[in-house]
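Below is one structure, written out as structure tokens, with a few remarks after it.
Proteins come first, then strands; the chains are lettered A, B, ... in the order of their sequence lines, and each starts at number 1.
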Amino acid sequence: MEANRGILIKVSRLYLDSREDQEDLIQEIVLRLWTNYQQFEGKSSFSTWMYRVAVNTAITFLRKEKRQPILVTETENLPELRVDDHASEQAQQMKIFYKAVQYLNSIEKALIFYFMEGLSHREIGSQLGITENNARVKLSRTKEKLQQIIKQLGYES
Amino acid sequence: MNLDELQKAWGKEGSDSEPLNLVLEKLKKAHQPLDRIRNNMQKELIYQSIAILIIGLCPIFYKFNQNFSIAYYCIYALLLVVSLYYFLRFYRFFKQIHNYSGSSKDNLYELYYEIRLNMEAYKSFSFLLVPFAIIAALLISFNRRLLKHPDKPLVEAGDWIMIPTVLVLMTIFIIWATNWWVEHYYGKHAKQIRNLLDELREPE
């Protein structure tokens, strides 16, 4: 588990913006990993199985205070993002990336997560239960949407 | 921003974080639609069980005569048997471990199916109370009359319109209230999952 903790942290940061919610999601994913471990048949690698459990848990995760998973489709009038001038270029980009991803819906976040993890269209399709072509089309649209959000947040590079 | 280039930075994400701090108390909180539905249903079923037990004391509260008491407890026994069936059914639902390791689409379909199925079972359990409530209400009102005017006939002329009207209105209200309650408190989760499934559809 500790060896793959990066997956938990990345999924939680991608799906939720508050630290408290992210911690809750990590706890929730760990619980699902424990209770579902018997389902792991060793046909795929442990990390592939962990991706599925983590993403499936995150997709339907409900926050505290009856806040529901973000299902934002309107991306107009987004607040401009302030970026720390002293942070490294990569760190700044990651910050903007995480901020922008919060405006995507749960399925789009899953697509971006698998893309960032370097999965092929076929593998993304298999993880999500859709065809390779569907994965390609949806990923392409999501990347376009993400770029638009990044521009609207005031970052163009 | 070039997302392909950002993948390198993404790979390092999480490596700088502290070791995972897992708190068992936190794990018990319900953050999944299925768990939230289970928790709410569990609470409601406890109240319903208490209500069913209290209903069993009606003949004592309303001082039913022997004939009315026999009729009441025959119907009550049927209510207990059917309630027991539903309680066992819901107990299995509460104890069931959902499999999160399938593909996201399969996982969402299973969740959707589980939620809708148990919503319908919950509704049918509530509808079950309708005939029982009707018979209990009739027995209570007739028993009152019998205690007040033991010499008068039990059924009066106006009852042929009054009783069916009240019963129909009562039935309609219980069905409407149950549907509203279940859809309002549980249907929203099913709707959210349905929306996610729509997101996974093939492009046209």
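- In this structure, B:Leu169 places its CG atom where more than 12 heavy-atom neighbours from other residues, nucleotides or ligands lie under 6.0 Å away.
- Side-chain contact between A:Thr131 and B:Glu202 is present, with at least one heavy-atom pair separated by less than 4.5 Å.
- The minimum heavy-atom distance linking A:Arg52 with B:Ser103 is given by the pair NH1-N, 3.4 Å.
- A heavy-atom distance below 4.5 Å is found between the side chains of A:Arg32 and B:Gln32.
- For the pair B:Gln7 and A:Phe115, the minimum side-chain heavy-atom distance is below 4.5 Å.
- With a 6.0 Å radius and a threshold of 12 heavy atoms from other residues, nucleotides or ligands, B:Met170 has its CE atom above the threshold.
- Considering only heavy-atom pairs separated by less than 4.5 Å from chain A, the leading option among B:Arg201, B:Glu5, B:Lys8, B:His98 is B:Arg201.
- In this structure, chain B has no heavy atom under 4.5 Å from any part of A:Ser12.
- A heavy-atom distance below 4.5 Å is found between the side chains of B:Gln192 and A:Leu62.
- Rounding to the nearest 0.5 Å places CG of B:Leu111 at 8.5 Å from CG of A:Asn56.
- Taking 4.5 Å as the limit, every side-chain heavy atom of B:Lys105 sits out of range of all side-chain heavy atoms of A:Leu128.
- Contact of B:Asn107 with chain A is made through the side chain alone, with heavy-atom distances under 4.5 Å.
- Partner B:Glu199 forms a side-chain contact (heavy atoms from CB on, under 4.5 Å) with one of A:Leu111, A:Ile130, A:Asn105 and no other, that one being A:Asn105.
- The line from CG of A:Leu33 to OH of B:Tyr100 is 11.5 Å long, rounded to the nearest 0.5 Å.
- More than 12 non-hydrogen atoms from other residues, nucleotides or ligands lie less than 6.0 angstrom from CZ of B:Phe127.
- The aromatic rings of B:Trp10 and A:Phe113 stand perpendicular to each other, their planes meeting at an angle above 60°, with 30° marking the opposite boundary.
- Shown here is B:Phe94, whose CZ atom has more than 12 heavy atoms of other residues, nucleotides or ligands within 6.0 Å.
- Side chains of A:Gln147 and B:Leu3 form a contact here, defined as non-hydrogen atoms less than 4.5 Å apart.
- The parts of A:Val53 that come within reach of chain B are both its backbone and its side chain, each placing non-hydrogen atoms under 4.5 angstrom from that chain.
- Within 6.0 Å of atom CZ in A:Arg122, 12 or fewer heavy atoms from other residues, nucleotides or ligands are found, so the atom counts as exposed in its surroundings.
- Heavy-atom distances place the side chain of B:Ile97, and not its backbone, under 4.5 Å from chain A.
- Proximity of A:Ile107 to B:Leu108: side-chain heavy atoms (C-beta onward) are separated by under 4.5 Å at one or more points.
- Summarising the geometry of B:Leu196 relative to A:Ser106, their closest heavy-atom pair is CD2-CB, 3.8 Å, with the distance given to 0.1 Å.
- Closest of all the heavy-atom pairs between B:Leu200 and A:Asn134 is O-ND2, 3.1 Å.
- With a threshold of 4.5 angstrom between heavy atoms, A:Ile29 does not approach chain B through any atom at all.
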